Amino acid sequence: MSFTNNIENYGYLKIDIDPTINLINEIKLLKKEKNAIILAHYYQVPEIQDIADFIGDSLALSQEAQKTKAEMIIFAGVHFMAETAKILNPYKKVIIPDLQAGCSLADSCKTNDFKKFIKQYPDHIIVSYINCSAEIKALSDVICTSGNAVKIVESFPKDQKLIFLPDKNLGAYINNITGRNMVLWNGTCEVHDILSIEKVLKLKINNPDAKLISHPECKAAILEISDFIGSTTALLNYTKKDNAKKFIVATETGIIHQMLKNSPDKTFIIASNNDESCSCNDCQYMKKNTLQKLYVCMKYELPEVILPEELIIKARKPILRMLELS
Ligand code: 13P
Ligand code: SF4
């Protein structure tokens, strides 16, 4: 059985795990033995968040990947995140528990379509949200995340023409607060874009004492009625500091684990299109990673993220530009 980085042809190696072993202990041992670091995004399942060496949003994870001294990076997140870690660490092994952990947003922007698109705007600078493939990054001038997008966009003169991709909701939000008119790619995150304004309004009516906090990948109508908008880290920090005791959280379910850990006395209601008791705003890609797969990938050091050197060199430049500006 062989592993491939071609996400379309990916087949997961099935390995029987001895049911008597303690996965948490084994992962801790492997971490030490291999001088490895586990970086996890907030949308990972709680068990992975709890064993990770570092948990963060896309910006913090890139910063951590840039500065780590570990010899091996285990990226518990989605593929574009692990790719970013590899681009920043071309000589280190970067492993991801499941290579099929993709992203609807990154998938909405295929390289050939993108090349045709940018040809229409030759005098524009390309600002790409980190949720895109390494190929798209290589064609971009600068990368941004939800945590620094405003800062990155504002680093250009007001009259500079910009293309923003691939998230049209985040792009429209930045256009709105910066007074810019960036050309937007028509992509969305399937987890955030699906949230309906009617359901969120209903939640607000049923919970008048709650504050609505939203990720900027949500639709404009939801952002307009939100008390706070920010990246996952910004949302988490807001719930720690704000006096409110109840929050309606318009983003992926995984973040609730950290919110509850930090503020056990507060109530968090996930904004979902289903009923209030349901925590079903799961990102199907993020949730592909499990503790079992984490153990197997660390033990066998597979599947590894491998990128051509030329692509790494090209994609590195706009990522480093973002990190310098952040
Ligand atoms: P941040 O954690 O950077 O806010 O990004 C959210 C997201 O959708 C990641 O895929
Ligand atoms: Fe992609 Fe959305 Fe999942 Fe993030 S939450 S990985 S943007 S599909």
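Given the structure is predicted, the values throughout are model-derived calculations rather than measurements. Start at 1 and go down the list; that is how both ligands and their atoms are numbered.
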Item to complete: Return the orientation label for the Phe114 and Trp185 ring planes: parallel under 30°, perpendicular over 60°, tilted otherwise.
Response: perpendicular
May I ask you to decide whether [X] forms a salt bridge with [Y], counting only side-chain N to carboxylate O separations under 4.0 Å?
| X | Y | value |
| --- | --- | --- |
| Lys93 | Glu301 | yes |
| Lys168 | Asp193 | no |
| Lys317 | Asp141 | no |
| Glu26 | Lys299 | no |
| Asp209 | Lys245 | no |

Which residue holds the protein heavy atom closest to [atom], what is that atom called, and what is the gap in Å?
| atom | value |
| --- | --- |
| atom 3 (O) of ligand 1 | Ser58 OG, 2.8 Å |
| atom 10 (O) of ligand 1 | Asn131 ND2, 3.4 Å |
| atom 3 (Fe) of ligand 2 | Cys283 SG, 2.4 Å |

Discussion item. Quick check on side-chain hydrogen bond (donor to acceptor under 3.5 Å, both in side chains): which of Asn243, Thr239, Asp242 does Lys211 satisfy it with?
Written reply: Asp242
Worksheet item: Per the side-chain hydrogen bond (donor to acceptor under 3.5 Å, both in side chains) rule, which among Asn289, Thr232, Thr251 passes with Tyr43?
Response: Thr251
Discussion item. Minimum distance, heavy atoms only, to atom 8 (S) of ligand 2: which one of Gly254, Gly187, Ala106, Ser104 is it?
Written reply: Ser104
Worksheet item: Between the candidates Met286, His215, Glu252, which shows the shortest non-hydrogen contact distance to atom 4 (O) of ligand 1?
Response: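 The nearest heavy atom belongs to His215.
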Which of the numbered atoms in ligand 1 are under 4.0 angstrom from any heavy atom belonging to [X]?
| X | value |
| --- | --- |
| Ser231 | 4 (O) |
| Met81 | 9 (C), 10 (O) |
| Glu217 | 6 (C), 7 (C), 8 (O) |

Worksheet entry | Any N or O of Asp57 closer than 3.5 Å to N or O of ligand 1 | no
For the residue pair [X] and [Y], establish whether any side-chain heavy-atom pair is separated by less than 4.5 Å.
| X | Y | result |
| --- | --- | --- |
| Thr178 | Glu154 | yes |
| Ile130 | Lys137 | yes |
| Thr290 | Glu47 | no |

Contacting atoms of ligand 2, where contact means under 4.0 angstrom from a heavy atom of [X]:
| X | value |
| --- | --- |
| Asn131 | 7 (S) |
| Tyr43 | 5 (S) |
| Cys103 | 1 (Fe), 6 (S), 7 (S) |

Discussion item. Would Ser146 count as a contact residue for ligand 1, given that I'm defining contact as a non-hydrogen atom of the residue lying under 4.0 Å from a ligand atom?
Written reply: yes
Quick one: does ligand 1 sit under 4.0 Å from the side chain of [X], the backbone, both or neither, non-hydrogen atoms only?
| X | value |
| --- | --- |
| Tyr43 | side chain |
| Thr145 | neither |
| His41 | side chain |

Worksheet entry | Derivation of the side chain to side chain donor-acceptor pair (under 3.5 Å) call for Thr253 and Asn281 | CA-CA 5 Å; Thr253 352; Asn281 258 26; over 6 Å; no
Worksheet item: Side chain, backbone, both or neither: which part of Glu217 has a heavy atom under 4.0 Å from ligand 2?
Response: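 Just the side chain.
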Discussion item. Restricting to N/O/S atoms, is Cys189 within less than 2.8 Å of atom 1 (Fe) of ligand 2 or not?
Written reply: no
Worksheet item: Does His41 have a heavy atom less than 4.0 Å from any atom of ligand 2?
Response: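 Judged by the 4.0 Å heavy-atom criterion, His41 does not count as contacting ligand 2.
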